[in-house]
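All chains are named by letter (A, B, ...) in the order of the sequence lines, taking the proteins before the strands, and each is independently numbered beginning at 1. These numbers come from the heavy atoms of this one structure, side chains and all, not from hydrogens, waters or symmetry mates. Remember, predicted model here, so these are calculated numbers, not experimental data.
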Number of protein chains: 2
Amino acid sequence: MASAATDLIFRPTEGQDALSLAEGAYRRLRDAIVRGELAAGTKISERGLALTLGISAQPVREALRRLEADGMVLTQPRSGTIVAEFGPDRLAEMGRIRAALEGSAAALAAERADDAALALMDAQLAVMREATAAADTVRLAAANERFHALVHAAAGNAFLLRSLTSLRAYDHFNRVRALESTPKELPKALAEHEGLLKAFRKRDPELAEERMRAHVLRSLRAGGVLKNGKK
Amino acid sequence: MASAATDLIFRPTEGQDALSLAEGAYRRLRDAIVRGELAAGTKISERGLALTLGISAQPVREALRRLEADGMVLTQPRSGTIVAEFGPDRLAEMGRIRAALEGSAAALAAERADDAALALMDAQLAVMREATAAADTVRLAAANERFHALVHAAAGNAFLLRSLTSLRAYDHFNRVRALESTPKELPKALAEHEGLLKAFRKRDPELAEERMRAHVLRSLRAGGVLKNGKK
DNA sequence: GATTGCCAACTGCTATAGCAGTTGTCCATG
DNA sequence: CATGGACAACTGCTATAGCAGTTGGCAATC
């Protein structure tokens, strides 16, 4: 086995180069759907799409099956595949589900995150502090995403990681908007993240889960995805 | 469009006959894994498995990708696929995740379940009452499963339905055991289900979510999947 | 004109073949 | 004996071809 140093040196390019065709088609289609480039109800043909993407029909089919699992397309066997419609209510659904799963991830992270993982989260928190002070929403959003990704990784559950990655796509187009809409919310979000890290350090799964859940729900309300009336 | 009557007459066989080969392979493999017939670490080859099942490699591959999403197998690109190991701790994880998602489903069901769906749940509840009185654990488990399936359907969310179906496989082998272990728990579970239906009828998503979550967690503790110490 | 049957052009699904990495073994070499 | 390298036998991944249902329109019939 190679050493850690050589691992770092020969690490493959982390861009979208080394992706399998199926994975690439999945991401491309997913992004196109959440951006609204593919309207709801649009018929998708495995062959046609394969021709468009310049690849075979097999990877396209695999991508469509994943999108179906994500709830983004609907496939009628032997008949056809159409992109599902997700209006505001559907987005609210997915948001609430995400809040529940993020909570589960936080609970597991509280049990398992080692010092290295906690240090990485702390580093992202430092970035978020700076970005919050400078009102740099773009940088803040990036750090926020990395922070949550660290939590997902610390949870160490494949199913959870996969599910949360899928769910994250849903609020892709209103993520920045959520942070920009009410600048007063920025310090609040920062405080919530700090509270989360404290819960992790206390090894308190219940507390971490509840805090994460509340954090995501409040973030969704701030972005207008959820009604303010909901608890 | 055909009438409802002809729909009933010409409804295809609801057995496992009309399943696609990929779906069949998925279920077969999944069951084999949860039953322990395929030990953790066992290497799985797409070609080899296809030969064993008497089908092509493509459906097998599709099944393996789903199992990977479920966290049941681990695939190293261009190298190989092995069945993941899930000891008691992993089962506890999946159980807690399931509790969170069942809660989300219950919340959505409270908002959307129409009278017909509620009546169907009530019917299953009646069966559960009888089975509980007669201590018929097998019949009770079946009714219990149908009740939860009705909730999932009432939630009306494809992602949720798919995820919960996948998660349900994890506690397949200790489901009956959970109900048999402590007969005193049976009336408690029945009361919880009744409380759930009441929450649905009150259109109270928060209450339904919390009750469902508590119900699943308690059920897991009764089955020994979760430690008793956890709240 | 409304209706029924049929046929062609789809659709998703499966089988087969071959590509491109990975891995382990075996032999030549130090 | 230890070590390195090449080769063969894998692996997952992709491409192509063909099967089997579904669908929509067109023509023949009532």
Side-chain angles (χ1 to χ4, degrees), chain A residues 1-3 6-7 10-14 16-29 38 41-70 72-84 158, chain B residues 1-3 6-7 10-29 38 41-70 72-84 158 162:
Chain A
M1 177 175 295
S3 70
T6 46
D7 276 350
F10 292 101
R11 177 186 298 173
T13 314
E14 290 194 340
Q16 299 203 358
D17 308 312
L19 290 183
S20 72
L21 294 184
E23 179 75 19
Y26 167 72
R27 298 192 186 183
R28 196 161 161 184
L29 268 177
L38 283 178
T42 303
K43 283 190 57 175
I44 294 181
S45 163
E46 292 181 359
R47 281 177 176 78
L49 192 55
L51 206 61
T52 302
L53 297 179
I55 60 178
S56 172
Q58 225 66 34
V60 172
R61 170 178 171 80
E62 201 165 306
L64 289 179
R65 301 302 270 192
R66 275 185 65 180
L67 287 173
E68 189 181 18
D70 294 351
M72 289 202 174
V73 303
L74 233 36
T75 296
Q76 199 91 10
R78 309 275 181 183
S79 168
T81 300
I82 61 174
V83 329
Chain B
M1 177 173 295
S3 70
T6 45
D7 276 351
F10 291 101
R11 177 186 297 175
T13 314
E14 289 193 340
Q16 299 204 359
D17 308 313
L19 288 184
S20 71
L21 294 185
E23 178 75 18
Y26 167 72
R27 299 192 185 182
R28 196 161 160 183
L29 268 178
L38 283 178
T42 304
K43 284 191 55 175
I44 294 181
S45 163
E46 293 181 358
R47 282 177 175 80
L49 193 54
L51 205 62
T52 302
L53 297 179
I55 61 179
S56 173
Q58 225 65 36
V60 172
R61 170 179 171 80
E62 201 165 306
L64 289 180
R65 303 303 273 196
R66 276 185 65 181
L67 287 173
E68 189 180 18
D70 294 350
M72 289 203 174
V73 304
L74 233 35
T75 295
Q76 199 93 10
R78 309 275 180 183
S79 168
T81 301
I82 61 174
V83 329
R162 172 81 156 226

**Student:** The test is side-chain contact (heavy atoms from CB on, under 4.5 Å); show your working for A/Leu29 and A/Leu64 and say whether it passes.
**Tutor:** CA-CA 9 Å; A/Leu29 268 177; A/Leu64 289 179; 3.9 Å; yes
**Student:** With sequence neighbours left out, what residues match B/Thr75 under side chain to side chain donor-acceptor pair (under 3.5 Å)?
**Tutor:** B/Thr81
**Student:** Name all residues meeting the side-chain contact (heavy atoms from CB on, under 4.5 Å) criterion together with A/Glu23; count only those two or more places apart in sequence or in a different chain, and write none if there are none.
**Tutor:** A/Leu19, A/Ser20, A/Tyr26, A/Arg27, A/Arg66
**Student:** Which value, rounded to the nearest 0.5 Å, describes the distance between B/Leu21 atom CG and B/Arg28 atom CZ?
**Tutor:** 11.5 Å
**Student:** With nearest nucleotide decided by heavy atoms, which residue, A/Pro77 or A/Leu21, maps closer to the 5′ end of DNA chain D?
**Tutor:** A/Leu21
**Student:** If I compare all heavy atoms of A/Ala22 with all of A/Ala63, which pair ends up nearest, and what's the gap?
**Tutor:** O-CB, 3.8 Å
**Student:** Using heavy atoms and a sub-4.0 Å distance, could you list which residues of residues 43-57 of chain B are near DNA chain C? By number, please.
**Tutor:** B/Arg47, B/Ile55, B/Ser56
**Student:** Do any side-chain atoms of residues 48-61 of chain A form donor-acceptor pairs under 3.5 angstrom with protein atoms, and if so which ones, sequence neighbours left out?
**Tutor:**
unit_1: A/Thr52; atom_1: OG1; unit_2: A/Gly48; atom_2: O; d: 3.0
unit_1: A/Ser56; atom_1: OG; unit_2: A/Gln58; atom_2: N; d: 3.4
unit_1: A/Arg61; atom_1: NE; unit_2: B/Glu62; atom_2: OE1; d: 3.0
unit_1: A/Arg61; atom_1: NH1; unit_2: A/Glu46; atom_2: OE2; d: 3.3
unit_1: A/Arg61; atom_1: NH2; unit_2: B/Glu62; atom_2: OE1; d: 3.2
unit_1: A/Arg61; atom_1: NH2; unit_2: B/Glu62; atom_2: OE2; d: 3.2

**Student:** Quantify the bending of the helix from C/dG1-D/dC30 to C/dG30-D/dC1 as the angle between its end axes, each fitted on five pairs, to 10°.
**Tutor:** 0°
**Student:** If you walk 5' to 3' along DNA chain C, what is the first nucleotide with an atom under 4.0 Å of a heavy atom in chain B, and what is the last?
**Tutor:** C/dT14 to C/dT23
